[in-house]
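Quick caveat, the model's predicted, so the values are computed rather than measured. Order of the sequence lines fixes the chain letters, A, B, ..., with proteins taken first and strands second; residue numbering starts at 1 for each chain.
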Number of protein chains: 2
Amino acid sequence: MANNITIVELAAALGLSKSTVSRAFRDSEDINPKTREKILQKANELGFSPNLYASNLRGNKSHTIAIIIPEFGNKFFSQAIKGIEWVARNNGYHVLIYVTDHSAEKEADIIRTLVNGRVDGVIMSGSGEGNNHEYLKLLQNNKVPLVFFDRYYEDVPTACITGNDFESSYQATKHLITNGAKRIAYLAVNKDVSIGKIRMEGYKKALEEAKLPINEQLILDTSNDVHVNYQDIKTLIQIQHPDAIFASVERLAMSTIRVARELHLTIPNDLKLICFSCLDIADMLQPSLSVVKQPAYEMGIQATSQLFDILCGRKPDGIRNLLFLDSELIFQHSSRKV
Amino acid sequence: MANNITIVELAAALGLSKSTVSRAFRDSEDINPKTREKILQKANELGFSPNLYASNLRGNKSHTIAIIIPEFGNKFFSQAIKGIEWVARNNGYHVLIYVTDHSAEKEADIIRTLVNGRVDGVIMSGSGEGNNHEYLKLLQNNKVPLVFFDRYYEDVPTACITGNDFESSYQATKHLITNGAKRIAYLAVNKDVSIGKIRMEGYKKALEEAKLPINEQLILDTSNDVHVNYQDIKTLIQIQHPDAIFASVERLAMSTIRVARELHLTIPNDLKLICFSCLDIADMLQPSLSVVKQPAYEMGIQATSQLFDILCGRKPDGIRNLLFLDSELIFQHSSRKV
DNA sequence: TTGAAAGCGCTAACAG
DNA sequence: CTGTTAGCGCTTTCAA
């Protein structure tokens, strides 16, 4: 709860006016350095600091940004947030965090709480579902710039930092083919989000190029429920007998490993596996896991830098502007020919 | 940037007074439901929402809490934050996040930015270093309650949710002994923080009970630099030849696995390993990793609930109050007798 | 260089 | 149930 002592009391204690005290806390040069010194010292002594809400109300800005992400817990988002927090702090900004659990509805709710001045900008990885992104207009109407990272909506014109997912998916799939795979299953996340679609297109391109059939039975659209996914993956493997799996996100690969274990299938002998993941211990898994590793931290840094570019007027808002950062392909045992 | 349209304009557009409009947005019952409906509808139409900073300035509260943690990226903190965010949102609160990189100085800096009304409460896992926690008095002076989770400072009287670390460490060490270990090394984090000390005490108790010597050479106080730790662990193993290692945090166990690999030591044959970790794929590692698994999500939930208890006056602030949540001991291959 | 005064947009008595 | 009014604590002209 805000400070008890106010600028008026501080001023009184010093025999000055509140305007002078106020100046001491701004970058104002209209003040005698000695006076400022005296004020700052007294403030420190009395434990005074200017009330944030009064300042913001006058100044009309919050020095706060929001991060909105669909899930929390994998290395990708952890790293990205770390980057975001770092840049924000260096710019004297604070960071609010929101998790949607992949619910577009929650996403919309959150957005609605942000347009009353709470934040100066938003960095978001989209939760997908539906394609009505009207609520994002709220941000625009309130001049709150938005920057996407990783998962963006194609119909929303704004800056966006993402991976070179088409190319990586293509390369990853090609790698599986090179290693002898012929029936490669693709585990998709939400096809409504950019990455759901694009990663799949890379996969399809590799198949086409190798003259392998694109079998829709081998493409599994997954949910956000880990148990449902487990069952679906199990069924897919039992019925379709793929010889390789390309998981578009880490958690699907983990479920795959558990299913394989239950079905007594050996990776990579019976089933090859590769996935998108930022796990730093992929090489310690049994078997070591082949991954497409996105530069998560860098993505966070870039997204936030772009947001500040917009906030500082160095770049315009509301312009579609995609920046692709290269992922690293790390081939280990899980995808290798045996 | 805040909304352009104000409560006054909305009132004008409806031919009402601004107090009536204000009431429509509070839980006030002093308003005709029909009027409220009309107001809310018009507000929606005009894209109005009450300016946050004006409300906060009047109401003297921010509906925001802060999380301060030393590091970011391991499952423990991810899960805890998830719990915190969940409870906060259910209470209509927003969550600011701050990472200190284990720097007590940064921690103090952050605290200083929080006492101007920015937050109503703070949830923190201490970064340790030094034992001058004077800066935390700032919070108390400004009536901003603080709740610790996991890593607390013993000299700060406040609520604290942590694991039953003494018991878990004791059990984990005992387990290593039962499985034949005689020279058990302990990898400590910062001994200034509660967990650094307490986890080590559990380790020592188990040794004493088994009449094994407590060898300070086998206790490694680690830094926050992964490379330095790697070297130190390597040196420890090469010179002291421990037959087991108890790592007090996950990342130290990961470094140990890498060192063992470099030195061609097999786990658990040449070296047994157990550690504190919330990793959900500990069983997929090679070898599967024995862990002390703290209820991270639950800890976040409990810490935040307690904070709200204090905020709502259901509990007093500034009282030392430790709550211990039981960890789960999961023994897998890395610590087993061969 | 400092002070006086007018709000920022909203809330909460109080009166009607 | 609705309107009037007096601030919340600060910033920022404008005048001194």
In whole Å, I'd like the distance from the [atom1] atom of [X] to the [atom2] atom of [N].
| X | N | atom1 | atom2 | answer |
| --- | --- | --- | --- | --- |
| A:K18 | C:dC8 | NZ | C1' | 12 Å |
| A:K61 | D:dT12 | NZ | P | 11 Å |
| B:L16 | D:dT4 | CG | P | 11 Å |
| A:D30 | D:dT13 | CG | P | 11 Å |
| B:E9 | C:dC10 | CD | C1' | 13 Å |
| A:R58 | C:dC10 | CZ | P | 15 Å |
| A:Y53 | C:dG9 | OH | P | 18 Å |
| B:I7 | C:dG7 | CD1 | C1' | 16 Å |

Closest to side chain of [X], choosing from [options]:
| X | options | value |
| --- | --- | --- |
| B:T20 | D:dG3, D:dC14, D:dG9 | D:dG3 |
| A:T35 | D:dT2, C:dT2, D:dT12 | C:dT2 |
| B:N32 | C:dC10, C:dG3, D:dC1 | D:dC1 |
| A:A54 | C:dA5, D:dG9, C:dG3 | D:dG9 |
| A:L57 | C:dG9, C:dT2, D:dT5 | C:dG9 |

>> If you define the side chain from C-beta out and look only at heavy atoms, does anything of B:I39 sit under 4.5 Å from B:F25?
In response: yes

> Strictly by modelled atom types, are A:R23 and A:T35 linked by a side-chain donor-acceptor pair under 3.5 Å?
Replying inline: no

> Is there a donor in the side chain of B:S62 and an acceptor in the side chain of B:D120, or the other way round, less than 3.5 Å apart?
Replying inline: yes

> Does A:K82 come within less than 4.0 Å of A:E85, counting only side-chain N to carboxylate O?
Replying inline: no

> Is the shortest distance from a Lys or Arg side-chain nitrogen in A:R112 or A:D109 to a carboxylate oxygen in the other one below 4.0 Å?
Replying inline: yes

> Between the side-chain atoms of B:S19 and the base atoms of D:dT4, is any donor-acceptor pair under 3.5 Å?
Replying inline: yes

> Hey, is the side chain of A:S22 poking within less than 4.0 Å of OP1 or OP2 on D:dT11, counting only N and O atoms?
Replying inline: yes

> OP1 or OP2 of D:dT11 sitting under 4.0 Å from any side-chain N/O of A:S55?
Replying inline: yes

> Across the strands shown, which category fits A:R23 at heavy-atom distances under 4.0 angstrom: base, sugar-phosphate, nothing?
Replying inline: base

